[in-house]
Amino acid sequence: MIDASYNIQSETGPKEAGFGDYFALLKPRVMSLVVFTAFVGLLVAPTPVHPFIGFCAILFIAIGGGASGALNMWYDSDIDVVMKRTKGRPVPAGKVTREEAFAVGIALSCMSVVMLGLATNLVAAGLLAFTIFFYVVIYTMWLKRWTPQNIVIGGAAGAFPPMIGWAAATGGISIESVLMFAITFMWTPPHFWALALFMNDDYTKAGVPMLTVTNGRKSTRTHILVYTLLLAVVTIGIAFTSIGGPVYTLTAVAMNAWFIKGAIDIIRRDEVQAEADNYKTERGFFKISLLYLFLHFSALLADAALGVFGLGW
């Protein structure tokens, strides 16, 4: 296991940090997913929200998501520095100190939760606070380095934003918001396991017990197919709720057919084939997974818009 006290600054030398470095602490790519799914959860909710309140809610949810990213970089700086995918981040690159990352994360966490509570309600604020705690403590500090099920359980952290958006609008939780949570929760394992298939060396060097490291790539391929099938059940199930509609139904059927085919293509391959073409199929599945999530939530938004004009189911 890599020593968590590893001094990034002494290895790389001091470097002057700019605004972009501190912004990068917030993991803007992940934050964009948080913002989008929370935005969908807010807009498809049955309770209308004043535009200014809605803007504030999404802003504070985004800040809370960014705060989680900063705290994750603070704690994971020792393994980030040895992984190709993460060694360019501000802390391992020596641009921001671990102490600064921690301070930014704590400050933004407290601010986002308090302000979301003031702008909307305590349910939404409580869900945001739990999401930050879950991602930083349960996933980053515990699951990630302890069990190959890290992504399965830890995926809950990235799945809460639509529930928070829904709660900001309605003040509560419903079957619709739980199913929106379930989309991302069930999507996360096949998404990250596909990445792990062609980035396995990084996880091995960092000592992270990803499924590919502990169980091997063959077992991982089987897990991807199983979770892809379970994901299809969840996503198609949403079509039968109040937020489902014609656009979502067609999208869910088409995307799940494509995704399942991709998972079947993956399980049919062995390592000789995969290495020969530099994991082309696995990389393709990973890219499809990004489109998969975006299109499902976009379809929910489209049906909500149709419903405003009385064009839904």
Side-chain angles (χ1 to χ4, degrees), residues 1-4 6 27 29-30 33 69 72-73 75-89 92 134-135 138-159 183-232 234 256 258-293:
M1 182 64 65
I2 296 171
D3 183 4
Y6 178 80
K27 293 188 175 182
R29 284 188 178 183
V30 176
L33 175 63
N72 172 267
M73 288 198 196
Y75 192 81
D76 274 353
S77 58
D78 61 318
I79 61 176
D80 282 349
V81 76
V82 300
M83 296 178 66
K84 292 180 182 178
R85 188 171 61 90
T86 57
K87 65 181 181 180
R89 288 175 174 175
F134 194 96
Y135 184 70
I138 304 299
Y139 171 67
T140 302
M141 295 184 178
W142 178 35
L143 294 172
K144 186 172 183 178
R145 306 184 189 217
W146 177 66
T147 171
Q149 296 301 309
N150 46 20
I151 287 300
V152 178
I153 306 171
I183 292 178
T184 307
F185 181 73
M186 296 303 298
W187 165 87
T188 301
H191 168 72
F192 275 100
W193 284 334
L195 174 69
L197 284 172
F198 58 87
M199 296 292 291
N200 188 52
D201 290 345
D202 263 10
Y203 292 112
T204 302
K205 287 190 296 183
V208 177
M210 191 63 76
L211 192 66
T212 49
V213 176
T214 60
N215 292 41
R217 286 188 172 98
K218 183 177 181 180
S219 175
T220 302
R221 294 173 188 278
T222 301
H223 278 73
I224 287 175
L225 178 59
V226 171
Y227 273 84
T228 297
L229 293 173
L230 293 174
L231 173 63
V234 170
N256 278 291
W258 191 15
F259 211 45
I260 290 171
K261 179 185 181 302
I264 292 173
D265 289 341
I266 283 179
I267 200 173
R268 285 176 172 174
R269 285 160 61 83
D270 58 32
E271 287 313 300
V272 175
Q273 293 173 310
E275 290 181 6
D277 64 6
N278 194 28
Y279 294 93
K280 181 179 179 180
T281 300
E282 292 76 8
R283 292 175 189 273
F285 183 85
F286 177 76
K287 291 178 181 179
I288 293 171
S289 71
L290 297 173
L291 186 63
Y292 180 98
L293 198 66

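All values reported here derive from a predicted model rather than from experimental measurement.
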Just wondering, do [Y] and [X] contact through their side chains at under 4.5 Å, heavy atoms?
X: F185; Y: V234; answer: no
X: R283; Y: N278; answer: yes
X: L290; Y: H191; answer: yes
X: I266; Y: L225; answer: no
X: N200; Y: M210; answer: no
X: R268; Y: Q273; answer: no
X: K27; Y: R89; answer: yes

Return yes when atom CZ of F192 has more than 12 non-hydrogen atoms of other residues, nucleotides or ligands closer than 6.0 Å, and no otherwise.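 It does not: F192 CZ has 12 such atoms or fewer within range.
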[X]/[Y] ion pair, N-O < 4.0 Å:
X: E282; Y: R221; answer: yes
X: D201; Y: K205; answer: no
X: D76; Y: K144; answer: yes

What closest approach, in Å, do [X] and [Y] show between heavy atoms, and which atom pair accounts for it?
X: V208; Y: V213; answer: O-CG2, 3.7 Å
X: L143; Y: N150; answer: O-CB, 3.3 Å
X: A194; Y: F285; answer: CB-CD2, 3.6 Å
X: T214; Y: P148; answer: OG1-CB, 3.2 Å
X: A263; Y: T228; answer: CB-OG1, 3.8 Å
X: P92; Y: S77; answer: CB-O, 4.5 Å

Between R217 and Y279, is there a side-chain donor-acceptor contact under 3.5 Å, judged purely by atom types and distance?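 A donor-acceptor contact under 3.5 Å links the two side chains.
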So, the side chain of [X] versus the backbone of [Y]: is there a donor-acceptor pair under 3.5 Å, distance only?
X: W187; Y: L231; value: no
X: T188; Y: T184; value: yes
X: D202; Y: M83; value: no

I need the single residue from W146, Y135, Y75 that forms a side-chain contact (heavy atoms from CB on, under 4.5 Å) with M141. Which is it? Y75
Value rounded to 0.5 Å, distance of [atom1] in [X] from [atom2] in [Y]:
X: L293; Y: F259; atom1: CG; atom2: CZ; result: 9.0 Å
X: I288; Y: W258; atom1: CD1; atom2: CH2; result: 4.5 Å
X: L211; Y: Q149; atom1: CG; atom2: CD; result: 7.0 Å
X: I224; Y: T222; atom1: CD1; atom2: OG1; result: 9.0 Å
X: T86; Y: I79; atom1: OG1; atom2: CD1; result: 7.0 Å

Worked check of side-chain contact (heavy atoms from CB on, under 4.5 Å) between F286 and L197: CA-CA 10 Å; F286 177 76; L197 284 172; over 6 Å; no
Quick one: sort the H223 and W193 rings into parallel, tilted or perpendicular, breaks at 30° and 60°. perpendicular
Using the salt bridge (charged side-chain N to carboxylate O under 4.0 Å, His left out) rule, take D265 and K261 through it: C-alpha gap first, then chi angles, then the decisive distance, then the call. CA-CA 6 Å; D265 289 341; K261 179 185 181 302; 3.0 Å; yes
